Amino acid sequence: MTRRMALSGASAFAASALAAPRLSRAQGASVLRFVPQSDLAVLDPILTAAYVTRNHGMLVFDTLYGMDADFRIQPQMLAGHTTQADGRVWTLTLRDGLLWHDGTQVLARDCVASIRRWGVRDALGQTLLALTDELVAVDDKTIRFRLRQAFPLLPYALGKPGSPACFMMPERLAATDAFKPVTEMVGSGPFRFNAAERMAGARVVYDRNPAYVARDGVSSFTAGPKHAYLDRVEWHVLPDPSTAAAALRAGEVDWWEAPGFDLLPLLARSQDIRIEIMDATGFIGSMRMNHLQPPFSNPTLRRAVLPALRQADFMTAVAGDFPDGWRQHVGFFCPGTPMASDAGMDVLTSPRDLDRARRAVAESGYSGEPAVLLAPSDFPNLKALADIGADLLTRIGIKVDYQALDWGSALQRLAKTEPVEQGGWSVFHTFWSGLDQMNPAVNASLRANGRDAGRGWPTSAALEGLRDRWLRAPDEAQQVSIAAEMQRQAFQDLPYIPLGQLMQRTAYRRDVTGVPEGFTAFWGVKRG
């Protein structure tokens with residue numbers, strides 16, 4: 001992957017919408033007005049994998065490691081680390097000057113508690129903690145891991161920007177059950193969450209943290225110094241796309257994270273607006289089924305969907321025929337990255353056969369149970385996927401209970417493992433950044449460890465075994481071979497169904513102060 005792609009990939013996060021902020025002035029303060037992809041319904045960035053919450057977390061919290069534009073992991077809150085005992089003992093040392101937003105010092109025990117809480121919810125974190133015999137604070141600035149076996153991916157796990165990222169919190173918050181929300185937004189990042197000015201469903205406000213001490217070096221992606229030159233960042237939630245487009249054209253907002261493809265030609269006609277691809281690795285659509293409850297607890301029924309599914313139908317519903325707007329024939333790993341392959345892809349690339357799918361549904365033992373399909377009404381891209389998915393399932397003989405609700409409510413609903421009669425769900429559709437589906441280490445949707453997996457909770461000893469083999473593989477050649485085998489197995493177990501790759505655009509006003517490099521965007525850095 002080229003550096004240009006990496007920098008474009010950095011734009012996948014909402015704070016990248018700060019990359020070229022038009023600095024409006026309010027009583028002498030520099031303010032960015034930003035329209036996020038959806039409402040920030042869940043504040044706790046460990047509790048959900050939703051990107052809008054992760055983006056919020058990147059402003060408020062910090063991480064022990066960061067990732068630069070070449071996908072290399074660098075110390076962030078750390079001064080550095082050492083390893084001993086053939087890589088089984090890691091000693092991490094916090095750098096000087098770190099303070100929580102409440103004014104107290106960042107301590108090693110805070111970080112230990114934060115790692116433990118994050119590790120319950122994150123796929124790679126689960127692997128790390130499973131290999132950990134001891135995780136302790138040696139003193140106020142020193143964290144020590146003792147592992148049962150060498151795990152070179154430890155810094156990668158703690159520094160990956162994929163959701164949920166390993167954000168650090170004070171121990172009093174990190175001690176919260178990983179399945180319950182923390183009660184305060186107290187981090188150590190370059191912006192402070194302004195709870196007093198938050199208007200649920202309408203506005204989120206962040207103020208510059210004057211006590212933040214940036215590390216030395218050059219800002220790149222999520223690594224390096226985080227200088228907050230913006231005094232204030234305002235997220236304005238505008239669920240209606242026409243309203244958001246009109247606000248951007250009128251200069252009432254500065255940036256719109258994810259405009260619909262149907263509105264891009266209108267925005268492009270304005271000389272005041274610039275349109276760019278958000279992420280050169282794209283966003284991978286997925287249909288995720290609930291493996292705990294009928295009807296999709298039946299693997300034969302899950303596989304029955306494949307003969308009739310056309311990725312092009314889903315992508316066209318979102319992007320139409322917009323040039324270079326989407327790609328089909330996409331598997332379980334991001335196209336154009338080393339682990340992508342054609343292994344098992346014939347189930348999606350062979351001629352589509354609706355009658356065959358109908359017969360497969362009938363032969364699966366399906367007895368007409370309703371499939372509750374969640375459709376986020378305020379998230380146009382996800383609603384488009386849901387509409388196509390509902391139509392597909394209905395046409396092959398599955399009884400669909402289509403339930404439209406806002407994205408925030410959908411996120412809360414997706415946490416429910418109960419049957420549909422008790423408020424549960426059966427299927428939903430979403431997008432994941434291609435950066436989060438590059439390999440088995442970061443593709444959380446491929447975890448198949450039951451109730452410890454993400455929402456949908458698939459179980460497959462075969463998939464888990466292949467993932468473990470991939471993590472232990474000594475070189476890339478073996479990793480590629482195992483990833484291909486893993487993709488073939490995934491088409492049998494179907495933890496989710498890939499729906500194609502979307503090349504989402506973002507739109508911002510041209511009257512900007514300058515475009516900083518990489519993820520300096522997050523911190524409101526401006527140049528020149």
Side-chain angles (χ1 to χ4, degrees), residues 282 284-291 294-321 325-335 340-375 381-402 426-431 437 445-446 448 456 458 460 462-463 484-502:
I284 312 300
S286 67
M287 173 187 286
R288 182 76 158 182
M289 299 170 177
N290 188 335
H291 291 231
F296 295 120
S297 54
N298 178 352
T300 306
L301 181 62
R302 295 197 299 270
R303 289 192 292 269
V305 178
L306 292 175
L309 187 141
R310 286 170 36 91
Q311 291 184 338
D313 291 342
F314 289 89
M315 294 298 100
T316 303
V318 176
D321 57 359
W326 52 271
R327 176 187 293 179
Q328 61 177 333
H329 301 162
V330 173
F332 288 91
F333 301 109
C334 179
S341 75
D342 293 331
M345 286 293 294
D346 58 298
V347 297
L348 291 178
T349 59
S350 60
R352 304 291 81 193
D353 191 333
L354 188 64
D355 289 337
R356 179 183 168 196
R358 287 171 176 158
R359 291 194 300 271
V361 168
E363 294 167 0
S364 72
Y366 174 64
S367 56
E369 304 100 325
V372 171
L373 185 148
L374 303 184
N381 287 356
L382 300 193
K383 183 180 183 301
L385 295 183
D387 289 346
I388 298 300
D391 178 66
L392 170 65
L393 296 177
T394 299
R395 285 190 293 122
I396 65 175
I398 296 175
K399 182 180 179 181
V400 174
D401 181 357
Y402 181 99
S426 305
V427 59
F428 79 103
H429 303 75
T430 192
F431 281 103
Q437 295 201 353
S445 297
L446 276 178
S460 170
L463 273 179
E485 189 177 350
M486 193 171 185
Q487 178 160 285
R488 283 189 286 266
Q489 184 64 45
F491 277 122
Q492 289 296 310
D493 298 322
L494 285 187
Y496 67 95
I497 303 177
L499 300 178
Q501 182 185 36
L502 182 73

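All figures in this text were calculated on a predicted structure; none of them were measured in a lab.
- For the atom pair Gln311 CD and Arg352 CZ, the distance stands at 9.0 Å (nearest 0.5 Å).
- With rounding to the nearest 0.5 angstrom, the CG atom of Leu494 is 10.5 Å from the CZ atom of Phe296.
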Taking it one step at a time, do Lys399 and Glu369 satisfy side-chain contact (heavy atoms from CB on, under 4.5 Å)? CA-CA 7 Å; Lys399 182 180 179 181; Glu369 304 100 325; over 6 Å; no
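- When all heavy atoms of Ala490 and Leu463 are compared, the pair lying nearest together is N-CD2, 3.9 Å.
- Between Asn381 and Leu502 the shortest side-chain heavy-atom distance falls below 4.5 Å.
- Gln487 and Phe332 make their closest contact through OE1-N, 2.9 Å (heavy atoms, listed as atom of the first residue, atom of the second, distance).
- With a 4.5 Å cut-off on side-chain heavy atoms, Tyr366 and Asn298 do not count as touching.
- Rounding to the nearest 0.5 Å places CE of Met287 at 5.0 Å from CG of Leu393.
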Does the pair Ile284 and Val330 meet the rule for a side-chain contact (heavy atoms from CB on, under 4.5 Å), with working shown? CA-CA 8 Å; Ile284 312 300; Val330 173; 4.2 Å; yes
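- A salt bridge links Lys383 with Asp387: the distance from a Lys NZ or Arg NE/NH1/NH2 to an Asp or Glu carboxylate oxygen falls below 4.0 Å.
- Here the shortest heavy-atom pairing between Val361 and Ser364 reads O-OG, 2.7 Å.
- Pairing each heavy atom of Pro495 with each of Ser445, the nearest pair is CB-O, 3.5 Å.
- Side-chain contact check for Tyr402 versus Thr394: every heavy-atom pair is 4.5 Å or farther apart.
- Counting all heavy atoms, side chain and backbone alike, Leu382 lies closest to Thr430 at CD2-CA, 3.6 Å.
- Residue Asp346 qualifies as enclosed at atom CG: its count of foreign heavy atoms under 6.0 Å is above 12.
- Side-chain N or O atoms of Arg358 include none that pairs as donor or acceptor with a backbone N or O of Gly397 at under 3.5 Å.
- Two residues are said to be in side-chain contact when any heavy atoms from C-beta on lie closer than 4.5 Å; Leu309 and Leu499 meet this criterion.
- In the displayed structure, Asp342 atom CG is contacted under 6.0 Å by at most 12 heavy atoms of other residues, nucleotides or ligands.
- When all heavy atoms are compared, the tightest approach of Gln328 to Ala312 is OE1-CB, 3.5 Å.
- In this structure, the side chain of Gln501 does not engage the main chain of Cys334 through any donor-acceptor pair within 3.5 Å.
- Considering only heavy atoms from C-beta on, Arg288 comes within 4.5 Å of Pro458 through its side chain.
- Taking CZ of Phe333 as the reference point, atom CG of Leu446 lies at 5.0 Å (rounded to 0.5 Å).
- A donor-acceptor pair is defined here as one N or O able to donate and one able to accept, closer than 3.5 Å; no such pair exists between the side chain of Arg356 and the backbone of Ala308.
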Could you go through the side-chain contact (heavy atoms from CB on, under 4.5 Å) check for Val305 and Met289 one step at a time? CA-CA 11 Å; Val305 178; Met289 299 170 177; 3.9 Å; yes
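- When side chains are defined from C-beta on, Trp326 does not count as touching Val318, because their heavy atoms never get closer than 4.5 Å.
- The structure places CG of Leu306 at 5.0 Å from CD1 of Ile497, a figure rounded to the nearest 0.5 Å.
- Once rounded to the nearest 0.5 Å, the distance linking CD1 of Ile396 with CG of Asp353 reads 11.5 Å.
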